[in-house]
Amino acid sequence: MSVVPVITIDGPSGSGKGAVASRLADELGFALLDSGALYRVLGIAALRAGVDVGDEQGVANLAAAMDVKFASDEPGKVILNGEDVSLAIRTDQGSDLASRVAAMAAAREALLARQQRFRQLPGLVADGRDMGTVVFPDAELKIYLTASLEERAQRRYKQLIDKGISAILPDLLRDLKVRDERDSQRAISPLRPAEDAVVLDTTTMSLDAVVQEVLTMAHDRFGESTEGQQGEPQP
Ligand code: DC
């Protein structure tokens with residue numbers, strides 16, 4: 001086992017990766033890498049800099065140069081070159097730009113080392129699409145979360161309604177299906193479980209149950225170093 005333990009959480013949109021990863025990081029006192037947020041920030045960085053998202057080299061240069069900070073005191077807060085972009089990256093435009101830059105090999109390559117630098121003691125929980133296959137292929141524990149398309153659409157629907165945002169279930173279902181196909185069929189870093197990943201179908205599982213199951217696996221793999229850890233991760 002390498003010095004700094006990593007748990008990778010990959011899976012399709014709506015599989016609960018984000019919520020599971022964040023709970024695990026809290027429980028274990030590990031740092032958290034939300035790699036999707038990095039692709040989102042890169043899309044917004046291109047927009048702000050006037051770089052066309054079709055310009056692969058331009059986007060890759062931005063990926064290498066942009067100054068991104070994740071606030072450790074406020075979950076979800078992201079600062080790009082001094083600007084709080086936490087809301088901008090979550091808009092439809094942010095999602096669209098993210099999926100376009102995420103399909104570029106040069107942009108992915110430029111973000112690789114930045115993602116790997118999050119691997120710091122006492123450990124890291126990394127959430128994304130290619131954490132176990134590409135970014136941390138030597139991770140000690142790899143989880144691939146999945147759930148039925150209908151369940152994932154229902155979860156997204158509930159999230160939006162809870163936030164007071166109107167939503168239409170059949171539209172969400174259709175959008176998820178399109179994104180699933182795009183993510184799993186793209187040539188570069190397609191969405192798929194690593195060969196050594198534990199695949200968990202969360203369709204009928206609560207968030208608590210998923211977190212408990214992964215924590216049990218983490219304690220089995222990492223032993224005492226993860227028992228009852230608390231603390232403020234500093235990525
Ligand atoms: O998980 P998310 O919706 O925040 O991800 C935003 C976009 O980035 C989405 O199009 C998938 C892509 N992505 C990726 O290609 N690889 C990752 N490791 C994480 C996200």
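Indexing begins at 1, ligand by ligand and atom by atom, following the structure's order.
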What atoms of ligand 1 come closer than 4.0 angstrom to any heavy atom of [X]?
X: Met131; answer: 18 (N)
X: Arg40; answer: 2 (P), 3 (O), 4 (O), 6 (C)
X: Ser99; answer: 10 (O)

Applying the 4.5 Å side-chain criterion to the ILVMFWY set and letting contacts propagate, would Ile9 and Leu215 be lumped into a single cluster?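 Yes.
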Using modelled atom types and a 3.5 Å cut-off, is there a donor and acceptor pairing between side-chain atoms of Ser148 and backbone atoms of Thr203?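 No: the side chain of Ser148 does not pair with the backbone of Thr203.
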Has the side chain of Asp130 got a donor or acceptor atom that lies under 3.5 Å from a matching backbone atom of Thr133?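 Pair absent, no side-chain N/O of Asp130 close to backbone of Thr133.
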Is any N or O atom of Arg108, backbone or side chain, closer than 3.5 Å to an N or O atom of ligand 1?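 By distance alone, the answer is yes.
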Contact with ligand 1 for Gln115, non-hydrogen, under 4.0 angstrom: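 No, Gln115 has no heavy atoms under 4.0 Å from ligand 1.
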When you measure from atom 7 (C) of ligand 1 to each heavy atom in Ala98, Gly43, Gly128, Ala126, which option holds the nearest one?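 Ranked by closest heavy atom to atom 7 (C) of ligand 1, first place is Ala98.
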Salt bridge (Lys or Arg N to Asp or Glu O under 4.0 Å) partners for Lys177, two or more places apart: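 Partners of Lys177 under the salt bridge (Lys or Arg N to Asp or Glu O under 4.0 Å) test: none.
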Measure Arg186 to ligand 1 on non-hydrogen atoms and call it side chain, backbone, both or neither using the 4.0 Å cut-off.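 Contact part for Arg186 vs ligand 1: side chain (C-beta onward).
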Using the rule side chain to side chain contact (heavy atoms under 4.5 Å, CB included), only one of Ile79, Leu62, Val101, Ile89 pairs with Val41; which is it?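 With Val41 as partner, side chain to side chain contact (heavy atoms under 4.5 Å, CB included) holds for just one option, Ile89.
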